[in-house]
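Please read the structure below before turning to the comments.
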Amino acid sequence: MSTLTDLLAEHTKLSGAAADHLQLVVAEWQLLSDLSFADFNMWVPLDDNKFLCVAQARPTTAPTAHPEDVVGSEVDTEEHPQLRRAIDESRICREEDPRWHLGVPVRRETIPVKLGTQVIAVLSRSTNLAVPRVPSPLEISYLGSAADLCQMIADGTFPAPEPSPDVHTSPRVGDGLIRLDPSGAVVFASPNALSAYHRMGHASDLVGVHLAPLTRSLIGDPFDATEVAQRIRQALDGQPSMRMEAESRRGAAVLFRALPLRPRGQAAGAIVLCRDVTEVRRRDRALMSKDATIREIHHRVKNNLQTVAALLRLQSRRLSNPEAKEALAESVRRVTSIALVHETLSMSVDERVDLDDVVDKVIPMMGDVAVTETQVSVRREGGFGIVPAEIATPLVMVLTELVQNAFEHAYAPGQRGEVVVHSERSAKWLDVTITDDGKGLPPGFSLERTDRLGLQIVRTLVDSELRGSLSLRRRPRGGTEAVLRVPLRGRR
């Protein structure tokens with residue numbers, strides 16, 4: 001399905017400013033739909049006296065009148081004459097009698113969308129009349145607020161020219177709505193809004209109370225208290241505000257957003273949307289604390305591993321047996337490789353590792369170990385990408401062992417050569433090939449029967465930790481090729 005931008009570009013000649021204004025309307029119209037208990041469709045006129053639906057919104061407060069998707073469909077003026085009338089007369093049209101749509105009685109109205117003095121589109125408001133509604137203070141307040149906002153759309157004063165970057169995370173109608181008169185006194189507060197203020201510490205009803213000073217007295221932080229009160233007053237003065245979060249003296253966290261109501265330019269008060277997010281913030285803090293604890297653990301593990309590596313180096317310097325010194329050097333390399341993974345995880349917020357960064361640190365370390373005996377360089381091709389923490393450590397271990405194995409066994413002392421680590425990644429697999437141009441595998445070599453500790457570690461890690469496959473084979477033009485395949489699907 002095409003987006004609003006695609007449909008406007010393909011079927012209309014609207015200016016960039018007009019398209020941007022329609023995007024603002026769509027960003028805000030879930031509020032209109034919920035307040036109206038009605039579906040909203042956006043129609044743009046075409047050259048052949050037809051109208052194209054470019055966007056659709058359904059209410060969360062009432063049954064939909066349009067269960068089908070009508071975006072991309074066209075109607076003519078005979079089928080929906082109110083669309084043309086709204087443009088020609090530049091006013092909200094409510095004269096049409098209810099009609100049946102898919103077996104449901106529907107009342108349709110149209111609201112011109114004005115930018116400056118030009119009507120650039122029309123909103124149709126369709127109300128499902130199948131469910132009888134008993135007038136209540138909530139319904140009356142919702143519909144009255146919707147009527148004022150729709151008139152402001154027809155006036156060209158809503159939404160505000162400056163886009164709000166937080167519309168989609170702002171409180172919604174069902175979260176809590178408060179209607180203020182032009183003086184700032186509460187004339188209606190929904191049950192959820194009343195509950196939010198009770199959570200903040202206000203024990204009585206809100207009706208008749210001036211909201212700005214009350215809210216200021218309940219918020220703990222003086223700066224936030226002044227800011228929220230100022231935004232409520234600005235809305236009464238006709239200025240829209242963005243979302244703001246504040247915490248009460250009792251520790252309740254509440255989101256606020258104030259919208260001015262000025263139909264036909266006349267001050268009609270404001271609506272304040274509020275949402276109690278205390279439990280959400282509590283869970284957020286718990287997750288942040290958990291993440292920080294996990295990162296601290298990785299940091300301490302890295303420090304401990306570096307300490308172990310340093311102790312092994314000290315022990316190696318006190319030994320005279322070449323085989324013992326070599327064994328300790330291999331242990332230092334393995335411990336350092338694991339420490340690098342934990343160092344990366346200590347800076348990660350989602351337990352994922354940029355393996356390219358780790359491998360680029362490990363490869364020079366292995367080259368430094370071998371440079372005293374050989375003239376072999378190592379080079380990386382391709383990208384490993386981001387991998388989950390549970391496979392990062394075994395994968396780095398496998399790579400280091402295979403590269404080190406090439407350094408130690410593929411070349412004679414002083415011989416020149418190159419080891420290439422090539423990686424390719426798809427949606428399902430990570431394929432790594434490690435090649436050298438050395439003397440190749442010895443006759444009768446078997447990975448399953450080898451007594452080399454490094455390759456035994458590799459085989460165990462590939463089978464048990466990575467659940468992958470590994471093969472070592474001779475290259476046709478000399479040297480050895482290690483082919484590793486690790487499954488990625490199903491890992492997070």
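These values consider heavy atoms only, across backbone and side chains, with no hydrogens, waters or symmetry-generated copies.
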With sequence neighbours excluded, what pairs up with Arg262 under the side chain to side chain donor-acceptor pair (under 3.5 Å) test? none
Hey, does Leu32 have a side-chain heavy atom less than 4.5 Å from the side chain of Ile111? no
Can you list everything that forms a side chain to side chain donor-acceptor pair (under 3.5 Å) with Thr278? Sequence neighbours excluded, please. Asp276
Pairs meeting criterion ring pair (Phe, Tyr, Trp, His ring centres under 6.0 Å) with involvement of residues 129-156, two or more places apart: Phe37-Tyr142
I'd like to know if Arg233 pairs up with Asp237 as an ion pair, taking the criterion as any Lys NZ or Arg NE/NH1/NH2 lying under 4.0 Å from an Asp or Glu carboxylate oxygen. no
Name every donor-acceptor pair, under 3.5 Å, that has one atom in a side chain of residues 205-212 and the other anywhere in the protein, sequence neighbours excluded.
none

Ion pair Glu247/Arg281, N-O distance below 4.0 Å: no
Under the rule for salt bridge (Lys or Arg N to Asp or Glu O under 4.0 Å), what residues qualify as partners of Glu78, not counting sequence neighbours? none
Those residues at least two apart in sequence (or on a different chain) that pass ring-ring contact (aromatic ring centres under 6.0 Å, His included) with Phe188 are none
Determine, for Asp148 against Arg179, whether the closest basic-nitrogen to carboxylate-oxygen distance falls under 4.0 angstrom. yes
State, with a plain yes or no, whether a side-chain heavy atom of His21 is found less than 4.5 Å away from one of Pro159. yes
Is a side-chain donor or acceptor of Thr157 paired with a backbone partner of Met152 at a separation under 3.5 angstrom? yes
Check the pair Arg108, Ser124 against side-chain hydrogen bond (donor to acceptor under 3.5 Å, both in side chains), reporting the backbone distance first and the verdict last. CA-CA 7 Å; Arg108 298 192 304 188; Ser124 65; over 6 Å; no
Which residues pass the ring-ring contact (aromatic ring centres under 6.0 Å, His included) test with His11, not counting sequence neighbours? none
Donor-acceptor pair, distance only, cut-off 3.5 Å: does the side chain of Ser190 make one with the backbone of Leu177? yes
Does Asp39 have any salt bridge (Lys or Arg N to Asp or Glu O under 4.0 Å) partners at least two apart in sequence or in another chain, and if so, which? none
Is any side-chain N of the basic residue among Glu279 and Arg199 closer than 4.0 Å to the acidic one's carboxylate O? yes
With sequence neighbours excluded, what pairs up with Tyr197 under the side chain to side chain donor-acceptor pair (under 3.5 Å) test? Thr215
Return the set of residues passing ring-ring contact (aromatic ring centres under 6.0 Å, His included) with Phe384 (not counting sequence neighbours), or none when no residue passes. none
Is any NZ, NE, NH1 or NH2 atom of the basic residue among Arg94 and Glu89 found under 4.0 Å from an Asp or Glu carboxylate oxygen of the other? no
For Asp175, give me all partners under side chain to side chain donor-acceptor pair (under 3.5 Å), at least two apart in sequence or on another chain. none
With sequence neighbours left out, the residues meeting salt bridge (Lys or Arg N to Asp or Glu O under 4.0 Å) with Arg380 are Asp356, Asp360
